[in-house]
Number of protein chains: 2
Amino acid sequence: MSATRDRSTGVEHAARAVAPGRPAHPARGIPEATVARLPVYLRALVALAERGIATCSSEELAGAAGVNSAKLRKDLSYLGSYGTRGVGYDVEYLRYQIAREIGVTQDLAVVIVGIGNLGHALANYAGFTSRGFRIVALLDSDPDRWSESVGDLAVVPLDRLEEVVAAESVAIGVIATPASAAQPVCDRLVAAGVTSILNFAPVVLSVPDGVDVRKVDLSIELQILAYHEQRKAVGA
Amino acid sequence: MSATRDRSTGVEHAARAVAPGRPAHPARGIPEATVARLPVYLRALVALAERGIATCSSEELAGAAGVNSAKLRKDLSYLGSYGTRGVGYDVEYLRYQIAREIGVTQDLAVVIVGIGNLGHALANYAGFTSRGFRIVALLDSDPDRWSESVGDLAVVPLDRLEEVVAAESVAIGVIATPASAAQPVCDRLVAAGVTSILNFAPVVLSVPDGVDVRKVDLSIELQILAYHEQRKAVGA
DNA sequence: TAGATTGTTAATCGATTAACAATC
DNA sequence: TAGATTGTTAATCGATTAACAATC
């Protein structure tokens with residue numbers, strides 16, 4: 001078992017060795033903080049493109065992404081030199097380069113396990129089905145749900161997890177089960193070959209090295225806000 | 001408009017002045033990274049307590065929380081000295097101290113705006129209604145939803161937002177609307193007096209200084225996983 | 001006292017930011 | 001050429017970690 005990275009708490013992820021003293025051509029090893037912002041830039045670029053904007057400065061793009069321009073330029077510098085001094089960035093070109101860097105140009109297969117309220121919401125969520133991801137199965141252990149379908153996908157028995165993962169080469173598993181089911185489901189996903197997990201259950205998952213886990217935890221987000229609320233009340 | 005902190009991308013939040021050179025008694029100014037982990041420790045302590053465990057070492061608690069013990073001890077040291085050398089921590093006592101520090105001992109009023117699939121899931125989510133938070137209203141602009149109710153709360157017209165926020169002294173607003181509605185809803189929440197926002201809509205919200213925004217973005221989480229998937233595929 | 005474990009120090013690491021030389 | 005804006009440097013800041021003295 002190794003620690004997995006949690007975006008909000010900063011636990012480091014499985015060792016990913018980078019050859020030291022080897023400055024490979026397209027500069028491998030983008031900082032994790034930068035990786036986490038690339039999707040934000042991508043979304044901002046898509047929005048600019050939809051508004052018909054062909055070129056933008058780092059200042060404009062940074063504004064749209066909610067970061068400062070120095071950070072944006074530093075982040076983009078890890079990918080390469082895709083701007084033009086004195087001019088700015090070509091929106092479509094930069095968009096393509098970032099999409100390629102993230103890897104959303106290739107369709108990744110996703111399964112969602114646990115089709116309760118949250119699972120339903122996730123299955124319907126447009127951002128999930130947008131380019132780069134393909135939901136291939138909705139799994140649940142409750143027979144009452146096997147008659148349901150969300151969009152054009154039926155809810156299938158959890159028993160079929162291994163079969164589906166193998167058949168579709170599933171790379172990403174989304175866990176939206178109750179807390180008690182999360183670790184067993186995670187173990188099965190990993191055993192079946194899934195190497196990335198997005199966990200919505202309020203538990204710390206144990207996974208072997210090489211498996212990435214990201215965690216979205218609603219009540220933790222609320223509690224962080226509560227902490228700051230308390231400070232405001234005292235200070236003011 | 002000022003930048004607001006986004007947990008995954010690390011945009012700094014509204015200036016929160018700390019008197020310099022003034023080492024106040026209970027040491028104000030807990031690092032943001034530590035604040036984000038306190039709820040994780042709290043949950044781990046609750047789980048230990050439920051298993052009937054009365055005392056634990058930093059090593060054990062760290063294991064349950066998914067961090068290393070040095071980090072845990074450093075984090076706890078910002079709150080005070082709540083352990084006993086040679087012995088460890090009293091689970092109930094530490095649990096109380098962390099809960100008090102976060103401020104979940106006082107009930108904060110929460111409204112959820114946008115009662116689609118995700119809003120439904122949030123309204124039902126046990127973590128939301130657990131101690132420390134009180135959902136006081138579910139708001140939606142769609143008349144078709146005004147007849148619905150989730151749990152014992154009815155969905156009410158968005159028009160009543162200001163009225164509800166004022167009547168219940170709402171501190172936290174949860175935005176689960178489509179992207180296009182998020183900024184206008186945010187503006188109304190802020191104008192009505194809400195100072196903390198949890199945003200599920202895929203947009204960067206602009207808010208005045210003093211308002212905290214946290215963002216949960218499902219497609220961005222997936223894209224971060226996709227980036228690492230791509231690396232694994234290349235490396236292996 | 002001997003063993004265990006905290007709380008803190010100091011070193012290291014990574015991320016942010018301002019400033020500016022390079023260059024369109 | 002003059003103005004604009006990138007890409008990069010270097011300084012700063014904050015977070016992590018190992019190690020260990022303090023102390024139960």
Side-chain angles (χ1 to χ4, degrees), chain A residues 2-3 5-13 15-16 18 20 23 26-27 29-38 40-41 54-63 65-91 93-94 97, chain B residues 2-3 5-13 15-16 18 20 23 26-27 29-38 40-41 54-63 65-91 93-94 97:
Chain A
S2 77
R5 185 164 20 71
D6 179 317
R7 124 184 103 148
S8 54
T9 57
V11 176
E12 78 285 0
H13 65 274
R16 196 181 311 286
V18 175
I30 296 179
E32 198 48 41
T34 296
V35 170
R37 281 187 294 264
L38 291 181
V40 180
Y41 301 153
T55 296
C56 67
S57 67
S58 63
E59 198 69 51
E60 290 163 334
L61 181 53
V67 303
N68 77 42
S69 65
K71 190 186 278 180
L72 170 74
R73 290 197 303 277
K74 182 82 169 136
D75 284 340
L76 294 184
S77 75
Y78 292 111
L79 311 193
S81 291
Y82 297 136
T84 307
R85 291 169 200 242
V87 177
Y89 301 92
D90 182 281
V91 171
Y93 179 62
L94 184 57
Q97 292 298 342
Chain B
S2 77
R5 185 165 21 68
D6 178 316
R7 122 184 104 147
S8 54
T9 56
V11 175
E12 80 284 359
H13 64 275
R16 199 179 310 286
V18 176
I30 296 178
E32 198 49 42
T34 296
V35 169
R37 282 187 294 265
L38 292 180
V40 179
Y41 302 152
T55 297
C56 67
S57 67
S58 62
E59 199 70 51
E60 290 163 332
L61 181 53
V67 303
N68 77 42
S69 65
K71 191 187 276 181
L72 171 74
R73 290 198 301 278
K74 182 81 168 139
D75 283 340
L76 294 183
S77 76
Y78 291 111
L79 313 192
S81 291
Y82 297 135
T84 307
R85 290 167 201 244
V87 177
Y89 301 92
D90 181 280
V91 171
Y93 180 62
L94 184 57
Q97 292 297 343

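Letters A, B, ... are given to chains in the order of the sequence lines, protein chains preceding strands, and every chain is numbered from 1. Computed from a predicted model, the values in this text were never measured in an experiment. The figures that follow rest on heavy atoms only: side chains count, while hydrogens, waters and symmetry mates do not.
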Worksheet item: Of the candidate nucleotides C/dA15, D/dA15, C/dT8, which contains the atom at the shortest distance from the side chain of A/E32?
Response: C/dA15
Practice prompt. Return the value, rounded to whole Å, for the distance between atom CG of B/L72 and atom P of D/dT17.
Written response: 12 Å
Worksheet item: What pair of heavy atoms forms the shortest contact from B/Y41 to B/A65, and how long is it?
Response: CD2-CB, 3.7 Å
Discussion item. What I'd like to find out is whether the side chain of B/S69 reaches to under 4.5 Å of the side chain of B/R73, using heavy atoms alone.
Written reply: yes
Worksheet item: So, do A/T34 and A/R37 sit near enough that their side-chain heavy atoms are less than 4.5 Å apart?
Response: yes
Worksheet, complete the sentence: Across every strand shown, the nucleotide meeting Watson-Crick or G-U wobble geometry with C/dC24 (both distances under 3.5 Å) is D/dG3
Practice prompt. Treat primed atoms plus P, OP1 and OP2 as sugar-phosphate and everything else as base, then score nucleotides 18-24 of chain D 5' to 3': B for base contact with protein heavy atoms under 4.0 Å, S for sugar-phosphate contact only, - for none.
Written response: BB-BBBB
Discussion item. Within the structure provided, determine whether B/Y82 and B/L76 are in side-chain contact (heavy-atom separation under 4.5 Å).
Written reply: no
Worksheet item: A/I30 has an atom CD1; how far is it from atom C1' of C/dT16, in whole Å?
Response: 17 Å
Worksheet item: Atom NZ of A/K71 to atom C1' of D/dG7: distance rounded to whole Å?
Response: 18 Å
Worksheet item: Separation of B/E59 atom CD from C/dG3 atom C1', in whole Å?
Response: 16 Å
Worksheet entry | Euclidean distance, atom OH of residue A/Y78 to atom P of D/dT6 [Å, nearest integer] | 17 Å
Worksheet item: After noting the C-alpha distance and the side-chain angles of B/T84 and B/T55, does the key distance pass the side-chain contact (heavy atoms from CB on, under 4.5 Å) rule?
Response: CA-CA 10 Å; B/T84 307; B/T55 297; over 6 Å; no
Item to complete: Can you measure from CG (B/L61) to SG (B/C56) and round to the nearest 0.5 angstrom?
Response: 4.5 Å
Practice prompt. Nearest whole angstrom, please: distance from the C1' of D/dT17 to the CG of B/D75.
Written response: 12 Å
Discussion item. How many whole angstroms separate atom CD of B/E60 from atom P of C/dT5?
Written reply: 8 Å
Worksheet entry | Heavy-atom side-chain proximity of A/V67 to A/D75 below 4.5 angstrom | no
Practice prompt. Could you tell me whether the phosphate oxygens of D/dG7, OP1 or OP2, come under 4.0 Å of any side-chain nitrogen or oxygen in A/Y89?
Written response: yes
Discussion item. Output the rounded distance in Å from CG (A/L61) to P (D/dA4).
Written reply: 20 Å
Worksheet, complete the sentence: Re C/dA10: Watson-Crick or G-U wobble partner, both distances kept under 3.5 Å, found to be D/dT17
